[in-house]
Number of protein chains: 2
Amino acid sequence: MRVDDGAETPLLERVRQLVLSGQFPPGAPLSEVFLSQEFEVSRTPIRETLKQLQHEGLVEIRPKVGTFVREPTRREIVELFQLKEGLEGLAAGLLARRGNVPELDVLERNIAESDQATADQDATRYAELVHEFHRTIITGSDNSKLAEHYDRLMNQLAYHRLVLRTAEHPGRIKASTSEHRVVLEMIRDKDHFGAEAAMRNHVYASAREVLTDSRTAGQPLNS
Amino acid sequence: MRVDDGAETPLLERVRQLVLSGQFPPGAPLSEVFLSQEFEVSRTPIRETLKQLQHEGLVEIRPKVGTFVREPTRREIVELFQLKEGLEGLAAGLLARRGNVPELDVLERNIAESDQATADQDATRYAELVHEFHRTIITGSDNSKLAEHYDRLMNQLAYHRLVLRTAEHPGRIKASTSEHRVVLEMIRDKDHFGAEAAMRNHVYASAREVLTDSRTAGQPLNS
DNA sequence: CTGTCTCTTGTTGCATGCAACAGACGCTAG
DNA sequence: CTAGCGTCTGTTGCATGCAACAAGAGACAG
């Protein structure tokens, strides 16, 4: 089960991508009639979709006024990263307790491929692999509710938009992969305390990277 | 900001209470027309409400078939308690870092009142206070996103229904209040590692109590 | 008696119409 | 020039109509 129901409504996905694409600046109005024309459906399903997106924190619905693209404030991003640290740490700890599960080999391969991508200077592929590593930790925790909340969190963070910027720091890349390796080692040792701590340190470090970077880069992270 | 939008729609709250009240057994159908008559609104707002409740995990919408009351499986309850442990632990740690904030005095008073309620054998009041203690930890973490996810989690757990059963174990009550005291002490000492650990231990212990109790009690926790 | 096919009924999913409201613009008075 | 007021447009919120679909009952053949 992913973020909403069993079979993700294509419409929800499409509208979400539209707002995540960034082609609407924050604060831009998303009128129901406009979207219904854009996606060739009636206002009713658009309405339902917008409510979901509001719930995910991607848009803001001002009652009787309209729906607007919402960019998280800097403070919210900090909060979300704190949560991310907690959830991923929890997941790593749970995964460590599970012993030898196939996810561990997936992580192993991920690290190997990450090394390869680093050698190839393939930043895009590297970003993908990072995402995959973290996602595997989550699914490997074997806790569907945790996964649900995590997906929700990542949607709110619009994570890929953030991580692309940091993927260009070569120093960070090396450190990050090394941290991944430590996490996996701890998990293999069934050291769930260590795994949780290592994962949290890793998330914390990457969050710091993203936040300090975006501050200087003057991205439109309002407030 | 609470669980959904700024000003909680009364309808959502009312329908949620209806399904949480337990007067519909799990699996019972919730037809839109029935609810629309029950609450004297049209099907459209009912529909939106049901989608929200599905998202909260309280009902299951089988497309083209209908909406049904959903009781979390035992496995899901375990998962939710794992999450609860993580989130509340995280919150306690964050609160500990904040130094002297008014929430600490609220917690202090809460413990005092809990002692009083214990002396008075007032189980209902005690359950309230427990809930309040945990909620204060959350708000005291000063992380609105954490609070959002927490509220969502608690809705899924239908927590009060569970905790009422455990409130009758006098031994557990004493231990629980004592654990609360330890948590507060750690927070006052700004020992965020200790606070987090203490909080997690506490949540873990109470979860164990609830789960072992309900297993023997044969509550309708299916699966 | 059992398996299958059809039909019927109840339900959802979506489109659309209408009323109510928020906000902006322009006009007027001071 | 400015403050205040009225109107007007665009938008949402909700009600309702209609088509499509799923599941169950019943009949019928084997």
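Chain A is the first sequence line, chain B the second, and so forth, proteins listed ahead of strands; every chain is numbered from 1. Note that the structure is predicted; figures quoted are calculated from it, not measured.
Each end of the helix from dC1(C)-dG30(D) to dG30(C)-dC1(D) yields a helix axis from five base pairs, and these two axes differ in direction by 0° (to the nearest 10 degrees).
Applying the side chain to side chain contact (heavy atoms under 4.5 Å, CB included) rule to Ala96(B) yields the partners Ile187(B), His192(B), Ala195(B); only residues at least two apart in sequence or on another chain are considered. Residues satisfying the salt bridge (Lys or Arg N to Asp or Glu O under 4.0 Å) criterion with Glu88(B), sequence neighbours excluded, are Lys84(B). Under the side chain to side chain contact (heavy atoms under 4.5 Å, CB included) criterion, Glu79(A) pairs with Arg75(A), Asn143(B), Ser144(B), Lys145(B), sequence neighbours left out. With sequence neighbours left out, Gln37(B) forms a side chain to side chain donor-acceptor pair (under 3.5 Å) with no residue at all. Remark: His202(A) engages His134(A), Glu179(A), His180(A) in a side chain to side chain donor-acceptor pair (under 3.5 Å) (not counting sequence neighbours).
Rounded to a whole Å, the CD1 atom of Ile46(A) is 15 Å from the C1' atom of dT16(C).
Applying the salt bridge (Lys or Arg N to Asp or Glu O under 4.0 Å) test to every pair with at least one member in residues 29-42 of chain A, sequence neighbours left out, gives these pairs: Glu32(A)-Arg43(A), Glu32(A)-Arg47(A). Applying the salt bridge (Lys or Arg N to Asp or Glu O under 4.0 Å) rule to pairs touching residues 90-108 of chain B yields Asp105(B)-Arg188(B), Glu108(B)-Arg188(B), sequence neighbours excluded.
A salt bridge is defined here as a Lys NZ or Arg NE, NH1 or NH2 lying under 4.0 Å from an Asp or Glu carboxylate O, and Arg70(A) with Glu76(A) meets this definition.
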Under 4.0 Å protein heavy-atom contacts per nucleotide of nucleotides 8-14 of chain D, with B for base, S for backbone only and - for none:
---SBB-
